[in-house]
Amino acid sequence: MPIAMIIHGGAWNIPDSLVEAHVAGCRAALETGWAVLKTGASALDACEAAVRVLEDDPTFDAGTGSVLTSAGTVELDAALMDGRTLRYGAVANLRRLRNPISLARHVLEGPATFLAGEGAEQFAVACGLPLCDNHELITPRERHLWERWQAGQAQAPAENPPHTEVHVVGGHDTVGAIALDRMGNLVAANSTGGTPFKLPGRIGDTPLIGCGLYADGRVGAAVCTGWGEAITRVAMARRAIELLERGLPPQSAAEVAVRTLGRAVPGGNGGCIILTPQARIGLAWNTQRMAYAYQSEGAQAIWGC
Ligand code: GLY
């Protein structure tokens, strides 16, 4: 079976000055995931490896470098879904993990589907994953932005987050990956720090099945990015899969899913990536930019922002 992989690094109004870093980060994640897929390893392994690269890159709002809550802390969410078994692992409100995607992988392979907060971190320890201090996840860029917000010099995200000042000044949004392995299995994965100055405890679309991601090995996999409250209201990832089920090509499915987000929820902004079992790709966004990189076997890698 031909292998394929697609990565996104968030859909928002990425300023010119940050385009290069976003593209470089997506390419690095794709190269890592691709190298894993080429060995014949599973799509689960490839997605976990690729998302870890994005979480470790402070360019992105995931893992280290994530945006801060209104309390000045980092709270992380992530999820993985296996299209062959429909098994699903999600984690939320993590404060002490550098790589939430690896904990989501453990959850997927364990008895639960979704763990949050303190219990999730205890499970991480039981799985042998290292914990860090919350401040180790905070970059000077995000601390500075939070201090400006505290001083009233930057706006909190309103109903339409990607158009607010804070999104121009600071990083925002989820990262995601979908891989198709040699066995023909599709896996979807994502990870986020959420929205800037979110209420502590707030959970967006990212770890919610059918909202931030969905994978059905017979049909395709979709991963969404953008304003989590809006994406959740339209169950956007599951909607994209239903469009594939109705026979739409992946590019059209991604475009319709994004259009639906914008129409159904005033100011609903974001993006969507899709990969099918035939290694066909779709990607669309209604923000100014979305960072991405993808590759199918026998073709050159493609990237952009
Ligand atoms: N899309 C990420 C979030 O809203 O949390």
Would you check if the side chain of [X] reaches a backbone N or O of [Y] as a donor-acceptor pair within less than 3.5 Å?
X: R84; Y: V187; value: no
X: N286; Y: G270; value: yes
X: D181; Y: M183; value: yes
X: R182; Y: M1; value: yes
X: R233; Y: V265; value: no
X: S42; Y: D45; value: yes
X: D216; Y: R218; value: yes
X: N134; Y: V74; value: yes
X: K198; Y: V67; value: no
X: N185; Y: L44; value: no

Treating Ile, Leu, Val, Met, Phe, Trp and Tyr as nodes and any side-chain heavy-atom pair under 4.5 angstrom as an edge, say whether [X] and [Y] lie in one connected cluster.
X: W12; Y: W303; answer: yes
X: L137; Y: W149; answer: yes
X: V175; Y: I203; answer: no
X: I241; Y: L283; answer: yes
X: V223; Y: I302; answer: yes

Nearest non-hydrogen partners of [X] and [Y], listed with the distance:
X: R143; Y: I138; result: NH2-CD1, 3.5 Å
X: G271; Y: A11; result: N-CB, 3.8 Å
X: G110; Y: R87; result: O-NH2, 2.9 Å
X: I14; Y: G10; result: CD1-O, 3.8 Å
X: A177; Y: V51; result: CB-CG2, 3.9 Å
X: Q251; Y: G282; result: OE1-CA, 3.4 Å

Point-to-point distance, once rounded to the nearest 0.5 Å, from [atom1] of [X] to [atom2] of [Y]:
X: L54; Y: T192; atom1: CG; atom2: OG1; result: 11.5 Å
X: L76; Y: N93; atom1: CG; atom2: CG; result: 9.5 Å
X: E142; Y: S66; atom1: CD; atom2: OG; result: 8.0 Å
X: T225; Y: N269; atom1: OG1; atom2: CG; result: 10.5 Å
X: L129; Y: R98; atom1: CG; atom2: CZ; result: 13.0 Å
X: M81; Y: I178; atom1: CE; atom2: CD1; result: 12.0 Å

Short N-O contact, R52 and D57, less than 4.0 angstrom: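 Salt bridge between R52 and D57, a charged N being under 4.0 Å from a carboxylate O: no.
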Within 6.0 Å of CD in E136, more than 12 heavy atoms from elsewhere: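 Counting neighbours around CD of E136, more than 12 heavy atoms of other residues, nucleotides or ligands fall under 6.0 Å, so yes.
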Stepwise salt bridge (charged side-chain N to carboxylate O under 4.0 Å, His left out) check, R202 with E229: CA-CA 10 Å; R202 175 263 187 196; E229 280 70 10; 2.7 Å; yes
From CA spacing to verdict: salt bridge (charged side-chain N to carboxylate O under 4.0 Å, His left out), K38, E31: CA-CA 10 Å; K38 279 190 81 168; E31 276 166 23; over 6 Å; no
Worked check of side chain to side chain donor-acceptor pair (under 3.5 Å) between T69 and E75: CA-CA 7 Å; T69 67; E75 291 188 0; 5.3 Å; no
Trace of the side-chain contact (heavy atoms from CB on, under 4.5 Å) decision for W34 with I3: CA-CA 8 Å; W34 193 254; I3 56 175; 3.6 Å; yes
I want to check something: taking the side chain as every heavy atom from C-beta on, are [X] and [Y] in contact at a cut-off of under 4.5 Å?
X: L180; Y: M5; result: no
X: Y214; Y: I209; result: yes
X: I6; Y: L30; result: no
X: T59; Y: L18; result: no
X: C26; Y: H8; result: no
X: S70; Y: P200; result: yes
X: L145; Y: P196; result: no
X: H106; Y: F123; result: yes

Option passing side-chain contact (heavy atoms from CB on, under 4.5 Å) with Y294 (candidates I281, I7, I273):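 The passing option is I281.
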Intermediate values then yes/no, side chain to side chain donor-acceptor pair (under 3.5 Å), S102 and E48: CA-CA 6 Å; S102 291; E48 182 186 353; 2.6 Å; yes
CA sep, side-chain torsions, deciding dist, call: D56, N99, side-chain contact (heavy atoms from CB on, under 4.5 Å): CA-CA 8 Å; D56 289 341; N99 296 110; 3.2 Å; yes
Verdict with reasoning, R105 to D82, per salt bridge (charged side-chain N to carboxylate O under 4.0 Å, His left out): CA-CA 10 Å; R105 172 81 184 265; D82 182 341; over 6 Å; no
Validation row, ring centre W285 to ring centre Y292 under 6.0 Å: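 Between W285 and Y292, the centre distance is under 6.0 Å.
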Step-by-step side-chain contact (heavy atoms from CB on, under 4.5 Å) determination, V125 to L131: CA-CA 7 Å; V125 172; L131 297 184; 3.5 Å; yes
V19/R289 under side-chain contact (heavy atoms from CB on, under 4.5 Å): CA gap, chis, key distance, verdict: CA-CA 9 Å; V19 165; R289 289 183 163 128; 3.4 Å; yes
